[in-house]
Amino acid sequence: MTPKVSIIIPVYNCEKYISKCLESVLSQTYLNIEIVIINDGSTDNTEKIINNYKEKDNRIMYYYQANRGPSEARNKGILNSTSEYLIFIDSDDTVDQKYVELLINEMVNSKSDLVCCGYKDISEYGIVEYTDFNIENSMSLQSVTDMVCKGTGGVLWSKIFKKEIILKHSLKMDKRIFMCEDLVFVLQYVSQCKSFSAINDYLYHYNRLNQNSISSNISIDYVQNFIHVWKAIEKIVISVNKDRQKTSELIGKRIQEVMITLIEEQSRDIRELGMKNASYKVGEILEIPYIKAYKGDFSTDNYLYKPYIFFMKVKFIKISIIYGIYLSKLRSLKKNLKKRK
């Protein structure tokens with residue numbers, strides 16, 4: 001008998017794309033699934049659309065809660081799921097028809113505690129295939145922990161989990177964290193696993209066309225959220241590899257990525273923010289003690305990002321933003337040239 005798989009989808013005001021998501025889930029080649037949808041207090045037509053699908057397919061389980069955030073929604077999805085295997089999908093994404101089939105088959109055949117796959121990154125720049133898990137290398141606990149901490153390896157999608165492990169170790173999404181809460185959860189889960197596997201197929205379709213930037217409105221509280229996440233990562237990773245130096249390097253890279261993203265967002269929205277406000281905001285965040293302690297170790301092999309690193313280290317914040325404006329225009333030009341071809 002084929003094992004049942006629960007697909008957990010938190011939704012919030014996603015009337016524009018929830019239909020595509022559900023169509024891709026309901027057309028799976030693997031039929032023994034339940035779709036657990038948690039509506040996190042949507043105020044648009046999301047509920048109406050879901051109910052239309054629910055009337056046509058009894059595999060859909062629908063729950064509503066007052067707006068409490070994606071962490072609480074996913075926790076509710078886990079508790080209300082009835083199968084031993086869990087998959088998470090974001091409401092604005094879609095999946096390949098064989099997404100569930102290939103993941104569950106690999107998990108059962110390899111007897112792994114976690115199975116991952118590749119994904120297609122869909123953005124205004126086109127479609128690019130990625131994988132965060134190199135199956136040619138060792139899939140040991142330490143190597144998987146490292147992979148999870150890089151790129152998008154720490155997201156919930158493109159993976160299949162065992163509910164037994166989640167319940168046994170009382171794992172939950174932390175509702176206090178409003179960014180990267182999935183990374184902390186995945187790391188906690190990985191630290192309790194004994195075996196891992198990955199398939200070299202790009203089965204998840206990560207849609208970045210619907211994303212709205214929030215970094216231009218970044219605040220100290222927003223950054224403190226990241227610091228809370230980084231401290232949690234530090235604790236988990238050290239428990240796995242016992243290597244404080246390596247863990248410090250990993251955290252430094254995460255902080256560096258966030259700071260470069262912040263500068264690029266300020267550069268892109270410079271007309272709205274103004275140079276004075278944008279540079280003050282970046283400078284203020286770079287002076288937060290936790291971030292300042294890592295700033296001296298920032299480094300990169302990406303020649304486009306090397307100027308950012310230099311400007312941050314010598315506190316040339318305005319120049320870093322000007323460079324970001326230049327880089328943004330260069331990328332826009334490249335995108336327009338691609339469209340003409």
Side-chain angles (χ1 to χ4, degrees), residues 2-28 30-95 99-100 103-104 107 154-186 188-189 204-207 210-212:
T2 57
K4 190 176 181 181
V5 178
S6 295
I7 300 172
I8 298 171
I9 310 175
V11 300
Y12 178 72
N13 287 353
C14 54
E15 62 180 5
K16 293 180 180 179
Y17 35 82
I18 186 61
S19 292
K20 283 186 177 181
C21 176
L22 291 178
E23 290 287 349
S24 74
V25 172
L26 294 172
S27 63
Q28 289 296 297
Y30 192 87
L31 300 178
N32 194 14
I33 59 174
E34 64 176 14
I35 301 104
V36 185
I37 303 175
I38 311 297
N39 186 346
D40 189 37
S42 296
T43 57
D44 62 359
N45 289 316
T46 295
E47 183 171 65
K48 183 179 178 181
I49 295 169
I50 293 169
N51 281 330
N52 287 337
Y53 280 96
K54 189 173 182 293
E55 289 176 6
K56 300 173 187 176
D57 199 311
N58 60 13
R59 293 178 298 174
I60 294 177
M61 300 165 60
Y62 176 68
Y63 301 91
Y64 180 90
Q65 67 177 28
N67 182 243
R68 295 200 290 270
S71 291
E72 290 279 46
R74 291 186 178 111
N75 287 337
K76 187 167 185 175
I78 293 170
L79 290 175
N80 285 282
S81 62
T82 63
S83 57
E84 57 183 309
Y85 300 102
L86 305 181
I87 282 175
F88 297 89
I89 296 177
D90 288 349
S91 61
D92 52 349
D93 297 335
T94 57
V95 290
Y99 182 63
V100 177
L103 284 174
I104 186 62
M107 176 160 270
V155 295
L156 289 164
W157 45 259
S158 75
K159 299 174 181 68
I160 184 167
F161 302 82
K162 286 183 177 178
K163 186 177 180 180
E164 176 189 10
I165 293 176
I166 293 172
L167 296 181
K168 180 180 178 181
H169 300 282
S170 302
L171 303 181
K172 290 183 179 181
M173 312 285 168
D174 190 339
K175 64 181 180 180
R176 298 170 300 172
I177 304 175
F178 53 86
M179 290 291 288
C180 295
E181 72 285 350
D182 48 354
L183 171 57
V184 176
F185 178 86
V186 172
Q188 289 173 332
Y189 180 89
Y204 193 90
H205 305 155
Y206 175 36
N207 181 13
N210 296 317
Q211 285 185 339
N212 295 315

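Any value given below was found using the heavy atoms of this structure, including those in side chains, with hydrogens, waters and symmetry copies removed. Residue numbers run from 1 in the order of the sequence given.
Counted within 6.0 Å of NZ on Lys54, heavy atoms from surrounding residues, nucleotides or ligands total 12 or fewer; the atom is thus considered open. Heavy atoms of other residues, nucleotides or ligands lying less than 6.0 angstrom from NZ of Lys163 number more than 12. The environment of CD in Glu164 is sparse: at most 12 heavy-atom neighbours from other residues, nucleotides or ligands sit within 6.0 Å.
At distances below 3.5 Å, at least one donor-acceptor pair connects side-chain atoms of Asp93 with backbone N or O atoms of Asn207. Using a distance-only test at 3.5 Å, with no hydrogens or angles considered, no donor-acceptor pair links the side chain of Asp90 to the main chain of Asp92. Of the possible donor and acceptor atoms, none in the side chain of Glu181 sits under 3.5 Å from a partner among the backbone N and O of Met173. The backbone N or O of Tyr99 lies less than 3.5 Å from a partner atom in the side chain of Gln28, making a donor-acceptor pair. A donor-acceptor pair under 3.5 Å is absent between the side-chain atoms of Arg68 and the main chain of Lys175, judged by distance alone. A donor-acceptor distance shorter than 3.5 angstrom exists from the side chain of Thr46 to the backbone of Cys14, with no hydrogens or angles considered.
Listed by chain and residue number, Leu171, Val184, Ile236 satisfy the side-chain contact (heavy atoms from CB on, under 4.5 Å) test with Gln188 (two or more places apart in sequence, or in another chain).
A salt bridge is absent between Arg74 and Asp40: the closest approach of a Lys/Arg side-chain nitrogen to an acidic carboxylate oxygen does not fall below 4.0 angstrom.
Residue pairs meeting the ring pair (Phe, Tyr, Trp, His ring centres under 6.0 Å) criterion with at least one partner in residues 54-94, sequence neighbours excluded, are Phe88-Phe161.
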